[in-house]
Amino acid sequence: KLVFFEDSDYRRLGPLTSVFPSFMLEVGGKRIYEYWSDFTGISEVALFVRRRVAGLCKWLLNVVEGREVEVNPSELGDDVLVLNHALLPVRESVELAKKILGWPGNVLVYDGEKVLMVKASASFAESLTDILVQEPSAELFLNLAEYTRDIPFPNPPILRRPADLLSVL
(Lines give C-alpha, C1' and ligand atoms only; values in the text may rest on other atoms or scores of the structure.)
Protein backbone atom coordinates (compact mmCIF):
# COMPACT_ATOMS: atom_id res chain seq x y z
CA LYS A 1 0.00 0.00 0.00
CA LEU A 2 1.15 3.53 -0.78
CA VAL A 3 0.68 5.96 2.08
CA PHE A 4 1.12 9.73 1.77
CA PHE A 5 1.49 12.25 4.56
CA GLU A 6 1.89 15.98 5.04
CA ASP A 7 4.49 17.48 7.30
CA SER A 8 4.56 21.11 8.44
CA ASP A 9 6.26 22.22 5.23
CA TYR A 10 2.92 22.23 3.41
CA ARG A 11 2.59 25.80 4.69
CA ARG A 12 5.50 26.88 2.46
CA LEU A 13 3.39 26.08 -0.57
CA GLY A 14 0.43 28.24 0.34
CA PRO A 15 -1.94 29.23 -1.00
CA LEU A 16 -1.50 26.27 -3.37
CA THR A 17 -1.92 23.77 -0.52
CA SER A 18 -4.35 25.70 1.65
CA VAL A 19 -7.30 23.49 0.66
CA PHE A 20 -5.67 20.29 -0.62
CA PRO A 21 -2.43 18.48 0.19
CA SER A 22 0.19 18.67 -2.54
CA PHE A 23 -0.21 14.97 -3.40
CA MET A 24 -3.83 15.69 -4.40
CA LEU A 25 -2.90 18.44 -6.85
CA GLU A 26 -3.45 17.63 -10.51
CA VAL A 27 -0.59 17.93 -12.96
CA GLY A 28 -1.04 16.83 -16.56
CA GLY A 29 -4.47 15.32 -15.84
CA LYS A 30 -3.42 13.18 -12.86
CA ARG A 31 -3.06 13.75 -9.18
CA ILE A 32 0.49 13.55 -7.81
CA TYR A 33 -0.36 10.43 -5.78
CA GLU A 34 -1.61 8.75 -8.98
CA TYR A 35 1.78 9.26 -10.64
CA TRP A 36 3.39 7.52 -7.67
CA SER A 37 0.85 4.71 -7.90
CA ASP A 38 1.42 4.26 -11.63
CA PHE A 39 5.23 4.39 -11.37
CA THR A 40 5.47 1.95 -8.45
CA GLY A 41 2.66 -0.37 -9.58
CA ILE A 42 0.96 -0.09 -6.18
CA SER A 43 -2.75 0.63 -6.60
CA GLU A 44 -3.93 0.69 -2.99
CA VAL A 45 -3.53 4.20 -1.54
CA ALA A 46 -4.06 5.87 1.83
CA LEU A 47 -3.73 9.59 2.49
CA PHE A 48 -2.98 11.27 5.80
CA VAL A 49 -4.14 14.88 5.66
CA ARG A 50 -4.81 17.78 8.03
CA ARG A 51 -7.99 17.26 10.01
CA ARG A 52 -9.55 20.46 8.65
CA VAL A 53 -9.36 19.21 5.04
CA ALA A 54 -9.99 15.49 5.68
CA GLY A 55 -13.76 15.65 5.07
CA LEU A 56 -13.32 17.57 1.84
CA CYS A 57 -10.66 15.14 0.60
CA LYS A 58 -12.82 12.09 1.42
CA TRP A 59 -15.85 13.61 -0.26
CA LEU A 60 -14.01 14.71 -3.39
CA LEU A 61 -12.10 11.47 -3.93
CA ASN A 62 -14.65 8.89 -2.86
CA VAL A 63 -18.04 10.50 -3.58
CA VAL A 64 -17.48 12.93 -6.44
CA GLU A 65 -14.72 11.04 -8.25
CA GLY A 66 -15.79 7.52 -7.20
CA ARG A 67 -12.35 6.39 -6.08
CA GLU A 68 -11.58 4.10 -3.19
CA VAL A 69 -8.97 6.07 -1.30
CA GLU A 70 -8.61 5.88 2.46
CA VAL A 71 -8.22 9.25 4.16
CA ASN A 72 -6.71 9.28 7.67
CA PRO A 73 -7.28 5.56 8.28
CA SER A 74 -7.07 4.28 11.85
CA GLU A 75 -4.90 1.37 10.76
CA LEU A 76 -2.84 0.43 7.73
CA GLY A 77 -2.87 -3.35 7.97
CA ASP A 78 -0.32 -4.13 5.26
CA ASP A 79 3.28 -3.56 4.32
CA VAL A 80 3.47 0.07 3.25
CA LEU A 81 5.58 2.58 1.41
CA VAL A 82 5.07 5.92 3.16
CA LEU A 83 5.86 9.04 1.13
CA ASN A 84 6.30 12.63 2.22
CA HIS A 85 3.98 15.08 0.45
CA ALA A 86 6.94 17.07 -0.86
CA LEU A 87 8.73 14.20 -2.61
CA LEU A 88 8.11 14.47 -6.34
CA PRO A 89 7.51 11.35 -8.46
CA VAL A 90 10.47 11.80 -10.78
CA ARG A 91 12.98 9.23 -11.97
CA GLU A 92 15.48 9.32 -9.10
CA SER A 93 12.88 9.20 -6.31
CA VAL A 94 10.81 6.50 -8.04
CA GLU A 95 13.93 4.37 -8.61
CA LEU A 96 14.87 4.66 -4.95
CA ALA A 97 11.32 3.77 -3.88
CA LYS A 98 11.34 0.67 -6.08
CA LYS A 99 14.76 -0.32 -4.75
CA ILE A 100 13.80 -0.10 -1.07
CA LEU A 101 10.58 -2.02 -1.70
CA GLY A 102 12.78 -5.02 -2.47
CA TRP A 103 14.87 -4.74 0.67
CA PRO A 104 14.08 -6.78 3.77
CA GLY A 105 13.01 -5.05 6.97
CA ASN A 106 12.00 -1.48 7.61
CA VAL A 107 13.73 1.37 5.78
CA LEU A 108 13.76 5.11 6.48
CA VAL A 109 14.93 7.54 3.76
CA TYR A 110 15.80 11.10 4.75
CA ASP A 111 17.56 14.15 3.37
CA GLY A 112 19.15 15.40 6.57
CA GLU A 113 16.24 17.49 7.73
CA LYS A 114 13.09 15.57 6.82
CA VAL A 115 11.89 12.02 6.37
CA LEU A 116 11.02 11.39 2.72
CA MET A 117 10.09 7.69 2.60
CA VAL A 118 9.50 4.84 4.99
CA LYS A 119 9.16 1.26 3.87
CA ALA A 120 7.48 -0.60 6.73
CA SER A 121 6.27 -4.11 7.46
CA ALA A 122 2.65 -4.53 8.52
CA SER A 123 3.55 -4.76 12.20
CA PHE A 124 5.79 -1.68 12.04
CA ALA A 125 3.22 0.22 9.97
CA GLU A 126 0.77 0.09 12.85
CA SER A 127 3.08 2.26 14.95
CA LEU A 128 3.23 4.76 12.08
CA THR A 129 -0.50 5.57 12.09
CA ASP A 130 -0.17 7.48 15.36
CA ILE A 131 2.63 9.54 13.84
CA LEU A 132 0.98 10.14 10.46
CA VAL A 133 -2.38 11.31 11.78
CA GLN A 134 -0.58 14.25 13.39
CA GLU A 135 1.54 16.73 11.53
CA PRO A 136 4.67 14.57 11.76
CA SER A 137 8.04 16.05 12.50
CA ALA A 138 11.38 14.49 11.66
CA GLU A 139 11.90 13.93 15.39
CA LEU A 140 8.83 11.69 15.61
CA PHE A 141 10.16 9.51 12.81
CA LEU A 142 13.69 9.51 14.14
CA ASN A 143 12.40 7.95 17.36
CA LEU A 144 11.78 4.89 15.17
CA ALA A 145 15.26 4.94 13.64
CA GLU A 146 16.58 2.15 15.82
CA TYR A 147 14.07 -0.17 14.14
CA THR A 148 14.91 0.84 10.57
CA ARG A 149 17.69 0.80 8.05
CA ASP A 150 18.49 4.48 7.46
CA ILE A 151 19.27 5.69 3.94
CA PRO A 152 20.32 9.29 3.19
CA PHE A 153 18.91 10.89 0.03
CA PRO A 154 20.97 14.06 -0.56
CA ASN A 155 19.42 16.77 -2.75
CA PRO A 156 16.10 14.98 -3.26
CA PRO A 157 13.56 16.21 -5.82
CA ILE A 158 11.13 17.88 -3.43
CA LEU A 159 8.38 20.41 -3.89
CA ARG A 160 9.69 23.69 -2.53
CA ARG A 161 7.61 26.07 -4.65
CA PRO A 162 4.69 25.71 -7.10
CA ALA A 163 6.96 25.84 -10.18
CA ASP A 164 8.55 22.53 -9.04
CA LEU A 165 5.31 20.77 -10.06
CA LEU A 166 6.38 21.15 -13.67
CA SER A 167 9.14 18.61 -13.14
CA VAL A 168 6.46 15.91 -12.81
CA LEU A 169 5.40 16.32 -16.44
Side-chain angles (χ1 to χ4, degrees), residues 1-10 13 17 20-27 30-62 65 67-90 93-111 114-145 147-151 153 156-159 168:
K1 179 187 291 190
L2 273 179
V3 178
F4 296 85
F5 74 94
E6 292 183 289
D7 62 18
S8 62
D9 282 350
Y10 79 86
L13 299 167
T17 58
F20 292 111
S22 59
F23 44 76
M24 282 189 57
L25 297 173
E26 285 192 33
V27 178
K30 288 185 182 182
R31 297 190 185 282
I32 299 251
Y33 80 82
E34 292 175 301
Y35 283 104
W36 273 108
S37 181
D38 289 350
F39 295 155
T40 60
I42 302 171
S43 59
E44 193 175 353
V45 173
L47 309 176
F48 283 90
V49 302
R50 292 163 267 151
R51 284 189 178 96
R52 66 183 168 92
V53 300
L56 177 60
C57 292
K58 284 180 190 177
W59 174 78
L60 178 65
L61 292 170
N62 297 314
E65 296 179 3
R67 302 168 193 254
E68 293 183 23
V69 176
E70 294 178 280
V71 177
N72 294 353
S74 58
E75 58 184 48
L76 295 171
D78 295 320
D79 291 356
V80 295
L81 177 61
V82 180
L83 298 166
N84 186 301
H85 74 103
L87 189 62
L88 293 169
V90 296
S93 54
V94 171
E95 286 175 1
L96 180 57
K98 288 179 177 180
K99 184 187 290 187
I100 69 169
L101 283 170
W103 293 348
N106 302 307
V107 180
L108 187 142
V109 176
Y110 62 94
D111 74 348
K114 70 168 55 204
V115 171
L116 300 170
M117 292 185 222
V118 179
K119 180 231 171 204
S121 63
S123 58
F124 189 70
E126 288 314 307
S127 63
L128 289 176
T129 56
D130 292 336
I131 293 173
L132 297 173
V133 78
Q134 307 172 40
E135 191 175 279
S137 66
E139 292 79 30
L140 285 172
F141 281 110
L142 295 177
N143 289 336
L144 304 172
Y147 307 105
T148 63
R149 177 177 177 183
D150 301 340
I151 307 296
F153 189 1
I158 60 174
L159 185 58
V168 175

- Show your working on side-chain contact (heavy atoms from CB on, under 4.5 Å) between Phe4 and Leu2 and close with a plain yes or no. CA-CA 7 Å; Phe4 296 85; Leu2 273 179; 3.9 Å; yes
- Message: As a quick check of understanding, evaluate side-chain contact (heavy atoms from CB on, under 4.5 Å) for Leu81 and Ile100, giving each step before the final call.
- Response: CA-CA 9 Å; Leu81 177 61; Ile100 69 169; 3.9 Å; yes
- Message: Using side-chain contact (heavy atoms from CB on, under 4.5 Å), reason through Phe20 and Leu56 one step at a time and then give a plain yes or no.
- Response: CA-CA 8 Å; Phe20 292 111; Leu56 177 60; 3.9 Å; yes
- Does the pair Phe48 and Leu76 meet the rule for a side-chain contact (heavy atoms from CB on, under 4.5 Å), with working shown? CA-CA 11 Å; Phe48 283 90; Leu76 295 171; 3.9 Å; yes
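Between Ala122 and Gly77 the shortest heavy-atom distance is CB-O, 3.9 Å. Closest approach of Glu44 and Asp78 over heavy atoms only: OE1-OD2, 3.7 Å. Pairing each heavy atom of Asn72 with each of Val49, the nearest pair is OD1-N, 2.7 Å. For the residue pair Leu128 and Ala120, the shortest heavy atom distance occurs at CD1-CB, 3.8 Å. The shortest heavy-atom contact between Ser43 and Ser37 is CA-OG, 3.6 Å. Between Val115 and Val118, the closest heavy-atom pair is CG1-CG2, 3.7 Å.
Heavy atoms from other residues, nucleotides or ligands lying under 6.0 Å from CD of Glu65 number more than 12.
At a threshold of 4.5 Å between non-hydrogen side-chain atoms, the residues Ile158 and Leu87 count as touching. Counting heavy atoms from C-beta on, the side chains of Ile32 and Val27 come closer than 4.5 Å. Looking only at side-chain heavy atoms (C-beta outward), Leu61 and Tyr33 come within less than 4.5 Å of each other.
The CZ atom of Arg67 sits 8.0 Å away from the CG atom of Leu60 when rounded to the nearest 0.5 Å.
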